[in-house]
J.: 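A single structure is presented below for examination.
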Amino acid sequence: MTESKLWGGRFAKTTDKLVEDFHSSISFDRILYEHDIKGSMAHAKMLGRQGIITESEADQLIECLQGILQDINAGQVEFEVGAEDIHMNIEKILTERVGDVGKKLHTARSRNDQVALDIRLYIKAQIKEVQALLLHQQRVLLDLAAEHKGSIMAGYTHLQKAQPISMGHHLLAYFQMFRRDYERLSDCYRRADALPLGSGALATTTFPIDRYFVAEELGFSAICENSLDGVSDRDFIVEFISAASLIMVHLSRFSEEIVLWSSNEFGYITLDDGYSTGSSIMPQKKNPDVAELVRGKSGRVFGHLMGTLTMLKGLPLAYNKDMQEDKEALFDTVDTVKKSLLVFAPMLATMRVNVERMHDRAKGGFINATDAADYLAARGVPFREAHAVIGNLVKLAEDKDVALEDLSLEDFQQLSPVFQSDIYDYIKIEKCVAARNIPGGPAIPAVEAAIASGEKWLAAQQA
Ligand code: ARG
């Protein structure tokens, strides 16, 4: 018999050192310590109230756990690889400190429902933190959008100039993406918000526990309704990593635009020196490393999503040790998404938008061609025909190496007699933007309405 392990009773030999290192999770699950201790305190309190242990035993346990929490916070506790994971490390310290009563804490509980509880508490806390970072980013975007509601820039499809918009309008597209990200996290929170404790190893317990009391103590709005599901459900982790993956997709697309916009070819923005880095050989270089790194880091989050799905897909009910692999994936996802959001918002807030250059660059590429077609269509020419007329006009302008507005009225009228001299005003770039005063569109009043609606949404989340 080897009593050094909390589960050592039925073992005749000690664990091989290689195995001990291999299955120990304390190096990474230690970050769950606060949730683990809070969960144990609620469990002890419930055991006392239910008469499963005495009230005074419960008090002793709770007091000692409180002390352990303070000591870990103060950096005064060393964990042991041999004690396997955070749950058994804390239980071991508890018993060392409080004596035999410490051994009563695990009554009516299993590490299976304990770890499920810890990660749910962790994920609930982290969702709130990621959401706060998203809201901060939303704030920055709304401010920038207001500042640049009239800053004209080219809108693109296929990365070819398409129709003119404003920088404000473009930025508001990201506002919508991050808004959906926020809402997805709220949705994930709802499902993480159920108490697994009381599920036991898989089949609850013979003791008269009160799961609703523990749920209330720990701030859960429901309990897991099936004990096997309670210990084997990791859907909320997949959902979280999936929501995080979409945040990273959005940040990565945005990063790609930051990289493009800050290039010499575009020159739409200049990143602040504090958010750019240089080259060890090329003295002129100022690189958008922050955006590139965020774009690059998206890959690891997508990897964690695939890894977690794959880890889960073949597991029979209920708990299997494979599930210990959920943690590093989850923790690294949280870390990556938080760090990315944290650095992205100030990078945006400090960048300079080169309004004139952007306006100038918007003029080329026959960006007002749709408007010229609309001019004819608005005057009764069927749009398909108008489209063809303007196609010919673009060809003519291309041959002459000029913009549409540089063609003579004779050139215009040669292709369609419907053109009058007001065409020049109609296809001015500012007019093209202003004419799209449709809800969701780029005209200044439409952008202002979108900002107002964004402000309302933001205030509602912060209320
Ligand atoms: N460290 C384990 C994990 O993270 C805790 C649960 C262990 N349960 C067990 N039956 N071995 O999954």
Side-chain angles (χ1 to χ4, degrees), residues 2-11 13-16 18-40 43 68 72 77 79-95 103 105-126 192 195-205 218 224 226-238 240-241 304 307-335:
T2 122
E3 287 291 5
S4 66
K5 291 272 188 280
L6 292 181
W7 41 253
R10 59 103 65 226
F11 285 78
K13 262 176 88 176
T14 52
T15 318
D16 188 283
L18 279 175
V19 173
E20 197 161 274
D21 287 344
F22 185 62
H23 85 156
S24 174
S25 53
I26 188 64
S27 63
F28 50 87
D29 66 14
R30 60 195 305 147
I31 71 168
L32 295 173
Y33 73 88
E34 185 168 354
H35 302 303
D36 195 75
I37 291 174
K38 295 260 166 78
S40 287
H43 180 66
I68 296 173
I72 300 176
V77 173
F79 295 122
E80 286 172 30
V81 173
E84 216 174 299
D85 54 25
I86 187 63
H87 326 295
M88 292 204 296
N89 264 277
I90 287 170
E91 196 183 324
K92 190 159 177 267
I93 297 165
L94 176 72
T95 303
K103 298 181 183 171
L105 173 67
H106 211 52
T107 313
R109 187 176 71 169
S110 157
R111 265 188 302 154
N112 298 350
D113 55 351
Q114 189 178 355
V115 71
L117 169 67
D118 292 3
I119 341 169
R120 282 180 187 256
L121 287 170
Y122 170 84
I123 235 172
K124 283 175 65 182
Q126 293 302 332
L195 176 87
L197 206 68
S199 297
L202 76 162
T204 70
T205 174
L218 293 172
C224 297
N226 177 286
S227 62
L228 279 93
D229 186 47
V231 287
S232 62
D233 172 25
R234 296 291 183 273
D235 293 1
F236 57 95
I237 295 185
V238 173
F240 178 84
I241 304 180
H304 294 319
T308 307
L309 286 168
T310 310
M311 178 273 286
L312 287 170
K313 83 174 183 67
L315 299 186
L317 300 186
Y319 178 82
N320 302 267
K321 192 63 176 253
D322 314 46
M323 289 156 79
Q324 180 167 288
E325 286 291 307
D326 59 3
K327 283 172 210 62
E328 284 159 293
L330 174 61
F331 299 160
D332 186 64
T333 297
V334 165
D335 221 40

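We count ligands from 1, going down the list as the structure has it; atoms in each ligand are counted the same way.
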J.: Do me a favour and list the nearest non-hydrogen protein atom to atom 12 (O) of ligand 1 with residue, atom name and distance?
T.: Tyr319 OH, 2.4 Å

J.: With sequence neighbours left out, write down each residue that passes salt bridge (charged side-chain N to carboxylate O under 4.0 Å, His left out) with Asp335, or none if nothing qualifies.
T.: Lys339

J.: Donor-acceptor pair, Asp113 side chain versus Leu197 backbone, under 3.5 Å?
T.: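 No.
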
J.: Do any nitrogen or oxygen atoms of Glu84 lie less than 3.5 angstrom from nitrogen or oxygen atoms of ligand 1?
T.: no

J.: Looking at atom 11 (N) of ligand 1, what's its closest protein heavy atom, distance included?
T.: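 Sorting protein heavy atoms by distance from atom 11 (N) of ligand 1 puts Arg111 NH2, 3.5 Å first.
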
J.: What's the shortest distance from atom 5 (C) of ligand 1 to any protein heavy atom, and which residue and atom give it?
T.: Asp85 OD2, 3.5 Å

J.: Flag Asn112 as yes when one of its N or O atoms lies below 3.5 Å from any N or O atom of ligand 1, and as no otherwise.
T.: yes

J.: Quick check on contacts: which atoms of ligand 1 are under 4.0 angstrom from a heavy atom of Gln324?
T.: 1 (N), 2 (C), 3 (C), 4 (O), 12 (O)

J.: If we ignore hydrogens and angles and just use 3.5 Å, is the side chain of Asp233 paired with the main-chain N or O of Asp235 as donor and acceptor?
T.: yes

J.: Applying salt bridge (charged side-chain N to carboxylate O under 4.0 Å, His left out), name anything that partners Glu80, two or more places apart in sequence or on another chain.
T.: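 By the salt bridge (charged side-chain N to carboxylate O under 4.0 Å, His left out) rule, Glu80 matches Lys92.
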
J.: Please name the residue in the list Asp36, Asn89, Leu94 that meets the side chain to side chain contact (heavy atoms under 4.5 Å, CB included) test with Ile68.
T.: Leu94

J.: By number and element, which atoms of ligand 1 are closer than 4.0 Å to a non-hydrogen atom of Ser25?
T.: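 So the atoms of ligand 1 that pass are 1 (N).
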
J.: Tell me whether ligand 1 is touched by Lys327 - counting only heavy atoms on the residue side and a distance under 4.0 Å.
T.: yes

J.: Side chains of Trp7 and Arg111: closer than 4.5 Å at any heavy-atom pair?
T.: yes

